[in-house]
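Notes to accompany the following structure.
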Number of protein chains: 2
Amino acid sequence: MTVSRALNDRDNVDEKTKQRVRNKAESMGYTPNRVAKSLVSRKTHTLGVVIPEITHAFFPEVVRGIEEVAYKSDYQLFLTNANELFSREKEAIETLRSQRVDGLLISSSLTHEDYSFYESIIEGGAKVVFFDRCIEDIGASCVSVNDRESSQKITEHLITEHGYTQIAHLSGPQKVSIGKERLQGYKDALEAHNLELNEEWVIQAEFKEDTGYDAMIKLLEKGREGHPDAVVAVNDPVAIGAIEAIKEHGLTIPDDIAIVGFTDDIRSSLLDVPLTTVRQPAYEMGEQAAEKLINVIEDEDATVEKIEVPTTLKIRSSCGC
Amino acid sequence: MTVSRALNDRDNVDEKTKQRVRNKAESMGYTPNRVAKSLVSRKTHTLGVVIPEITHAFFPEVVRGIEEVAYKSDYQLFLTNANELFSREKEAIETLRSQRVDGLLISSSLTHEDYSFYESIIEGGAKVVFFDRCIEDIGASCVSVNDRESSQKITEHLITEHGYTQIAHLSGPQKVSIGKERLQGYKDALEAHNLELNEEWVIQAEFKEDTGYDAMIKLLEKGREGHPDAVVAVNDPVAIGAIEAIKEHGLTIPDDIAIVGFTDDIRSSLLDVPLTTVRQPAYEMGEQAAEKLINVIEDEDATVEKIEVPTTLKIRSSCGC
DNA sequence: TTGTATGCGTTATCAC
DNA sequence: GTGATAACGCATACAA
């Protein structure tokens with residue numbers, strides 16, 4: 001017991017004893033065992049992070065924000081990658097819970113539509129904060145951008161600044177919040193400007209380059225009524241895939257088809273025709289999510305809230321500017 | 001005890017009892033406590049990963065490889081970012097050790113030159129595998145590319161394929177293996193072709209864009225004897241920074257100055273003048289490192305080895321091709 | 001100021 | 001087939 005007190009620098013230990021203990025600990029190469037400490041304190045000072053896709057550059061940047069905040073508050077991070085598979089996400093969350101992480105930061109994967117799993121763990125007392133891909137009305141806070149509004153804005157940019165009227169959308173999966181919201185924003189913009197929605201021109205992709213490529217090919221091969229004069233992609237990787245398809249069809253950007261994305265991927269400004277997009281502040285999103293989670297963990301009365309980080313339009317030349 | 005046996009599906013439990021236990025566990029929302037399990041088993045099934053810079057796209061890709069292997073072998077990952085600060089790296093490693101991770105995967109940061117810390121933890125029984133930035137002769141395995149040879153090859157490409165003779169090097173910090181090795185490879189190439197080494201044309205950068213930019217500015221402002229006709233950068237981010245500096249000086253690539261990198265960053269093929277570089281298979285490096293570490297953890301007789309993953313030259317147009 | 005007993009949740013060991 | 005006991009390393013509560 002005295003050893004424990006000395007090592008934790010409590011004041012009711014004789015200074016000499018303290019020194020003796022410390023010297024001995026040092027010479028033994030003693031390292032405190034947080035596993036044992038956690039067992040009694042019921043706290044691990046550990047956060048579980050579940051991301052859907054570690055290669056999409058957006059997420060590492062979010063993780064960096066999370067890491068920075070966690071570091072300052074002395075939390076360690078368990079990182080898990082669900083690879084866009086809900087089964088794997090679920091497994092990860094279960095493992096993380098059995099590791100007794102103090103809280104969970106989750107960006108959900110795209111292969112599910114049933115939120116009961118999340119509900120049950122939240123009811124079971126898990127502290128959860130969602131980020132980017134949110135799940136609402138489920139008793140957990142969420143940090144994201146205003147996807148719907150941002151999507152509307154960038155679509156309106158195409159309409160008002162350039163006069164495009166034949167605008168297609170390469171959407172995300174409708175099971176995921178950002179997929180649904182961004183499609184909705186696109187529709188809002190059309191409606192606000194009295195443009196008719198052509199359902200044929202809403203093609204579902206997922207979130208990666210190859211799915212953008214495939215969706216664009218599909219769109220171009222609809223043929224008959226010609227191709228759209230502008231495309232709103234659900235995110236930058238999808239836009240990048242689509243650009244490849246457009247080029248392969250011998251069309252040029254932005255003259256034949258303008259295109260815009262969402263995210264502001266690290267590559268977007270470097271393309272031959274730099275991509276106009278919505279910049280999502282990934283690092284800041286990570287910071288906010290981590291701060292909120294730590295707040296929920298450490299303060300009983302923390303409230304559930306939806307935190308929005310502001311986006312900005314990055315106007316580059318792919319929209320015709 | 002019977003409960004424990006039932007939950008772990010041991011065979012010396014009555015089938016009916018097993019069922020009863022399981023039903024009850026289920027209905028209670030019971031989750032096994034790995035913390036307690038770890039305390040007795042002295043195993044956490046946990047790996048600590050220490051990377052120097054989470055934003056350099058190379059590392060997330062390595063982490064993905066690590067994650068994939070860890071997942072298959074049922075290990076969880078603690079991710080820490082040292083931000084190129086040795087102090088922070090040391091702190092991270094100490095925390096990880098007190099978390100009782102079963103092993104450590106480390107890519108060391110650039111602000112130190114004293115390996116005694118690593119030595120002491122390895123002597124203290126920690127299982128360590130280094131990756132990318134290695135520390136040798138210290139009793140730990142290491143997974144990396146053959147930096148020296150690869151650097152020599154790409155430098156020789158400039159010499160033999162294009163006839164450049166005035167070749168500069170934007171080097172990495174000499175305290176870090178890859179900084180030293182790549183400089184050495186550059187020198188080897190010059191020597192092999194009887195080109196004189198101009199020490200003035202070896203400028204030290206670090207590993208990020210801004211340091212490449214600064215180093216290139218320095219190089220261009222040496223003025224007097226004109227500028228080099230080719231530059232070998234220690235990695236792609238440094239090359240990308242340097243390219244900006246070259247452009248600002250009104251010079252064109254590759255006509256005025258050719259440039260090559262190392263890494264094959266996700267951006268490199270997308271630049272207006274796509275960057276010739278050495279492709280390092282990041283994902284595979286992560287896989288190999290994780291496999292080796294798990295091997296060291298689970299097999300007493302695992303040997304210390306230096307594992308090299310092969311590189312390939314990515315010839316694009318920045319070298320004049 | 002120091003020390004003893006106890007318990008965190010789990011499992012190995014040894015009864016019954 | 002089941003159960004009691006002890007131990008993993010630490011810290012709280014309570015003596016001495």
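Throughout, a chain's letter reflects where its sequence line sits, starting with A, and its residues are numbered from 1. None of the values given here were measured: they were computed from a predicted structure.
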Original post:
How does each nucleotide of nucleotides 7-16 of chain D score, in 5' to 3' order, for protein heavy atoms under 4.0 Å: base (B), sugar-phosphate only (S), or none (-)?
Top reply: -BBBBBB---
**OP:** Taking heavy atoms of chain B and a 4.0 Å limit, find me the 5'-most and 3'-most nucleotide of DNA chain C within that range.
**Re:** dG9(C) to dT13(C)
**OP:** For Thr17(B), answer base if it contacts any base atom (sugar-phosphate contacts may also be present), sugar-phosphate if it contacts only those atoms, and nothing otherwise; contact means non-hydrogen atoms under 4.0 Å.
**Re:** sugar-phosphate
**OP:** Check the angle between the aromatic planes of Tyr115(B) and Tyr118(B) and answer parallel, tilted or perpendicular using the 30° and 60° thresholds.
**Re:** tilted
Original post:
So, Asp265(A) versus Thr263(A): side-chain donor-acceptor pair below 3.5 Å or not?
Top reply: no
Subject >> Within 6.0 Å of NZ in Lys208(A), more than 12 heavy atoms from elsewhere >> reply: no
Original post:
Using the ring of each side chain (for Trp, its six-membered ring), is Tyr75(B) parallel, tilted or perpendicular to His45(B), with breaks at 30° and 60°?
Top reply: parallel
**OP:** Could you please spell out the steps behind the side-chain hydrogen bond (donor to acceptor under 3.5 Å, both in side chains) verdict for Thr46(A) and Asp102(A)?
**Re:** CA-CA 6 Å; Thr46(A) 264; Asp102(A) 293 339; over 6 Å; no
Original post:
Do the rings of His56(A) and Phe59(A) sit parallel, tilted or perpendicular, given the 30° and 60° boundaries?
Top reply: perpendicular
Quick one: side chains of residues 284-292 of chain B, donor-acceptor pairs under 3.5 Å with protein atoms, not counting sequence neighbours, listed by atom name and distance.
unit_1	atom_1	unit_2	atom_2	d
Lys292(B)	NZ	Thr303(B)	O	2.7
Lys292(B)	NZ	Glu305(B)	OE2	2.8

**OP:** Specify the closest pair of heavy atoms between Ser109(A) and Arg133(A), including all atoms of both residues, with the distance to one decimal.
**Re:** CA-NH1, 4.1 Å
